[in-house]
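Following: one structure in structure tokens, then a few remarks.
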Amino acid sequence: MTDASLKAVDERQDGVAEELATRPKIIGARVKRTEDPRLLTGKGAYVDDRKVAGMLHVAFRRSDHSHALIKSIDVSAARQAAGVVAVLTAEDMSEINAVFATSRMRDYHTTPITALASKKVRYVGEPIVGVVAKSRYLAEDALELIEVEFEPLPVVIDPETACLPSAAVLHDDAGTNVLCFREFKTGDADAAIASAPIRVSGRFRFYRKTPVAMENRTYLAEYEVGRDELTLYTSSQVPGIIRDALSDALDMPGSQLRVIAPDVGGGFGGKASLYPEEIFVAVAARRLGCAVKWTSDRMEDLAATSQGFDQIVNAELALDANGNAVALKADVIGDVGAYSIYPWTAVIEPVQVVSFLPGPYKIANYLGRVRGVATSKPPTGPYRGVGRPTSTFVTERLMDMAAQRLGMDPVALRLRNMIQPDEFPHRIGSGIIWDQCAFTECLNAACDKVDYPTLRARQAQARAAGRWFGIGVACYAELTGIGSRISVAPGMPINTGTETAKITIDSTGAVTAAFGVTAMGQGLETTLAQVVAEHLGGRVKDIRVIQGDSAAVPNATGSYASRSAVLAGGAATLAAKEVKDKIIRAASHLLETGPEDLVVEDGKVSVVGTDRALTFRQLARAVYLEMRRIPADKREELASTKTYDPVFGTSATAAHLAVVEINPDTLEIKLERFVVAEDCGRLINPMIVDGQVHGGVAQGIGAALYEEVVYNDEGQNVTASLVDYIIPTATEIPPIEVVHIEAASLTTLGGFRGMGEGGTIGAPAAVANAVADAVAPLGIDILELPVSPERLFRLIENSKQHKDATHGHET
Amino acid sequence: MTEPVVIRITVNGVEYEKSVEPRLLLSDFLRNDLGLTGTHVGCEHGVCGACTVLVNGESARSCLFLAVQLDGAQVETVEGLGTAHAMHPIQQAFHECHALQCGFCTPGMLITTVDLLKKFPEADDEQIREGLSGNLCRCTGYQNIVRAVRMAADELKAREVKEAAS
Ligand code: FES
Ligand code: FES
């Protein structure tokens, strides 16, 4: 960031900070959520709850092959089946344009995204035929009657062999399975490593996960024949992106195409991309002239929703004899699955891994290389944390390995290497610039919370008694609320850097605030109402927040990348202030008093020190309905639309600390304590922030200990139910203790830094370090996640054998 | 396909007589035939607990029942608990404690809690966690749910004491 732009945001920031300091704070209050009453009483409106007359239902015949040519499809019997209205294959949809996730990045290959597979299938679960029938039951019945003849091709499962020239290629147009390649270089890592006295390294493996939102994906397209208007109700985090993509695919203007995400039952990134089934229901509804719905079942969700966190990282960290890190080198292979997902591309996750590897540390020399490799598995996409759970896992494991080698305390080693409070902004080896980040503050706060020296003493006692007791820390930063100068995915042409708020007071005095962001559980209706109320002088309960609707504002994308509080919060601030100015101008005329004597608070405008006041309702009537109260040339609509662009964005930071005890007999890993010290800038609603941290950490613990999507050699998913893909229950997650640092961001309006993903970024590394610490006396390193009891058992057995073998040699 | 069967079933105190296909799941019957969409379906294989309802007073997974099996039964769903303006103490406690985010698991959690607190009104945190372990939530990390259940337990006990005294 240039000095001039920093100065500009500083100035903007000052104004806001000043104002916030002088007023009662709605921003910062633990306001209970306005969305709760409907959700608690069974009156939420999720897509699958919606029912319209004549609605038809879809079931998909999916591929049971990992990689195969489609030789023929026979749907004639299915077309005759009871209740079936249409059976569609790729051939029937040839007029629909394929969608491509493009990127300006060199060495990137895109892949076509279509509703149904044509000619070739590339993962088990890929949709091939869509049956549209009067009920889901009847649609599924007809699936049995479809005959697909396949010619199997070599399965491409292992990402390392998929890179080899001898590997079968999934996309002939790309000519290679390596869909992207990138290198980041600062200094000379090889030379620095060669001359360093301390070197630690490993082959780290983070195995594939899947987001598992409790609501499966579901889409309902409604069609108005007379106007050729299509409305898609979708369980999506990005209705604006879907609207724009469908506009291209179906060749329809946005005015005839509306995409609405009503109540959404969790997303975590799994609902942030365009899906084939979404295109299918839209096409089918228009084709058949009626409403068409598809609701995924859990098996389909585990087979065909975007997955994530599937990387192999060979990394080495070098330090001098005093424990100062001098170089980091990493080679990353990201298994991206069969397609480059829209709009994020296959690049997003693997490149984030190499971008964030240097983390919060000063490391002068860095070399990071990454390849994103296609395999015959479902596409990967954004999943809470995106790449950073892996980068944090690797760097934080290396830090602990180095501390062990140096005989240094791991916290002390980190504090020594961290970018210090007076060293910001700081550019790390991959080029990311950290604005003022609370690295040392967070780590110290987490340690204070547990009384770290005492905890270490307790560990020594436990160890002496033969117990396996471990402590692990992990520190990281993430870029949040990023503006138009940085793409969420490298080289992605879609602008993810702005958000718009449209605030209106109508003629009844009601306040409506419309946004392009989308809530899928994070309580945006409440937090955005808080921001609007604060700056407008309204009451939270009176503000109706509209979100998740592509028609609400001209351009919108949605919610991802921990951006909504920063971007929508910023836009809300700007628009609310402008409406407030208009209120004051109108009131000053109506109450015949100077603007400086007016205050707007609690939904009314009053003359200071008097009982003269107008409620929003009275004011709105005077402005809109009562002729001649305000002269025509002075009358203004009480509305404002503002777009906010943080340009660069900001960053959020945290330190996680986990305490584990492992049962040496059963190898059960029990989390004794989990502490998060975090800085997401100014808090809008601490209650909601705590909830986001709890949930993120729970997913991180799942990633560290339980969750793994497993594909066998035939490319079949052997974890295709919630019995096999295990997510944590209430008995596995300990109480999570959260400490807030709240260092307001200097680069965003309102000082918000954004959050939501962080819990999942820090927790896997902290848990891995705690487990490694617990088993350190056995001479075991933890290099793979999840570290299930089974994996731990194998590690222990291997190390025993290894010891026996070495012992054998010696004697 | 076998012929539809007529069943009589009481849901949230209302009696229904409906003709259903033998293969129709109770969850689909509640959601599609009765329009009670508060009961959610998260897995259709009995693992997630989102579809939990009370059948004759006991918590049960509506995705594992066929509607025809419930001829003559009493069923309670989340819609029978309380309304937005007059919430049940358990719903109120979930609201106070921020025990829901996306709300998808919530109806199942609420109904499970009704059953749990009926059986173990004195449940401690560990028993609460155990009692909720058949209900998956991907959003909250469970902590606030456990807190809410404890708050609801206290409130329900206090009410009982008050009623006994009056
Ligand atoms: S839907 Fe019944 S248990 Fe998951
Ligand atoms: S609140 Fe979203 S799954 Fe529990």
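The structure presented is a predicted model; accordingly, all values stated were derived computationally and were not measured.
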Write down the atom of [X], the atom of [Y], and the distance for their closest heavy-atom approach.
{"X": "Arg23(B)", "Y": "Leu138(A)", "result": "NH2-CD2, 4.1 Å"}
{"X": "Asp28(B)", "Y": "Tyr137(A)", "result": "OD2-OH, 2.6 Å"}
{"X": "Gly521(A)", "Y": "Gln101(B)", "result": "O-CB, 3.1 Å"}
{"X": "Thr41(A)", "Y": "Gly82(B)", "result": "CG2-O, 3.4 Å"}
{"X": "Leu40(A)", "Y": "Gln91(B)", "result": "O-NE2, 2.8 Å"}
{"X": "Ile733(A)", "Y": "Arg129(B)", "result": "O-NH1, 2.8 Å"}

- Message: Using the rule side-chain contact (heavy atoms from CB on, under 4.5 Å), only one of Asn216(A), Val212(A), Leu722(A), Leu302(A) pairs with Cys43(B); which is it?
- Response: Leu722(A)
- Kindly say whether Pro728(A) contributes a backbone atom to a donor-acceptor pair with the side chain of Tyr142(B) at under 3.5 angstrom? yes
- Task: Check step by step if side-chain contact (heavy atoms from CB on, under 4.5 Å) holds for Thr106(B) and Leu39(A).
- Result: CA-CA 8 Å; Thr106(B) 310; Leu39(A) 300 178; 5.8 Å; no
Counting heavy-atom pairs closer than 4.5 Å to chain A, which one of [options] comes out on top?
{"options": "Thr83(B), Leu132(B), Thr37(B), Ile128(B)", "value": "Thr37(B)"}
{"options": "Asn144(B), Leu100(B), Asp125(B), Leu110(B)", "value": "Leu100(B)"}
{"options": "Val47(B), Asn32(B), Leu136(B)", "value": "Leu136(B)"}
{"options": "Cys137(B), Gly141(B), Cys102(B), Gly131(B)", "value": "Cys102(B)"}
{"options": "Cys139(B), Ala99(B), Pro107(B)", "value": "Cys139(B)"}
{"options": "Ser133(B), Gly38(B), Gly134(B)", "value": "Ser133(B)"}

For the interface with chain B, which of [options] has the highest count of heavy-atom pairs at distances below 4.5 Å?
{"options": "Asp297(A), Ile701(A), Ile688(A)", "value": "Ile688(A)"}
{"options": "Gln692(A), Gln522(A), Glu215(A)", "value": "Glu215(A)"}
{"options": "Ser721(A), Ala730(A), Ser296(A), Pro734(A)", "value": "Ala730(A)"}
{"options": "Glu35(A), Lys51(A), Met687(A)", "value": "Met687(A)"}

Does [X] have more than 12 heavy atoms from other residues, nucleotides or ligands lying within 6.0 Å of its [atom1]?
{"X": "Phe120(B)", "atom1": "CZ", "answer": "no"}
{"X": "Met299(A)", "atom1": "CE", "answer": "no"}
{"X": "Glu126(B)", "atom1": "CD", "answer": "no"}
{"X": "Arg30(A)", "atom1": "CZ", "answer": "yes"}

- Query: What residue among His98(B), His95(B), Gln92(B) forms side chain to side chain donor-acceptor pair (under 3.5 Å) with Asp36(A)?
  - Reply: His95(B)
Side chain / backbone / both / neither for [X] at chain A, heavy atoms under 4.5 Å:
{"X": "Ile145(B)", "result": "neither"}
{"X": "Gln143(B)", "result": "side chain"}
{"X": "Glu96(B)", "result": "both"}
{"X": "Leu25(B)", "result": "both"}

- What is the distance from atom OG1 of Thr140(B) to atom CG of Asp690(A), rounded to the nearest 0.5 Å? 12.5 Å
- CE (Met214(A)) and CG (Asn135(B)) are apart, to the nearest 0.5 Å, by 9.0 Å
- Message: What part of Asp263(A) gets within 4.5 angstrom of chain B, counting heavy atoms only: side chain, backbone, both, or neither?
- Response: neither
- In plain terms, say whether Glu707(A) and Arg138(B) are close enough for a salt bridge, that is, a side-chain N and a carboxylate O under 4.0 Å apart. yes
- Task: In sequence, state the C-alpha distance, the side-chain angles, and the governing distance for Asp48(A) and Arg31(B), and then conclude on side-chain contact (heavy atoms from CB on, under 4.5 Å).
- Result: CA-CA 9 Å; Asp48(A) 192 52; Arg31(B) 292 179 52 78; 2.9 Å; yes
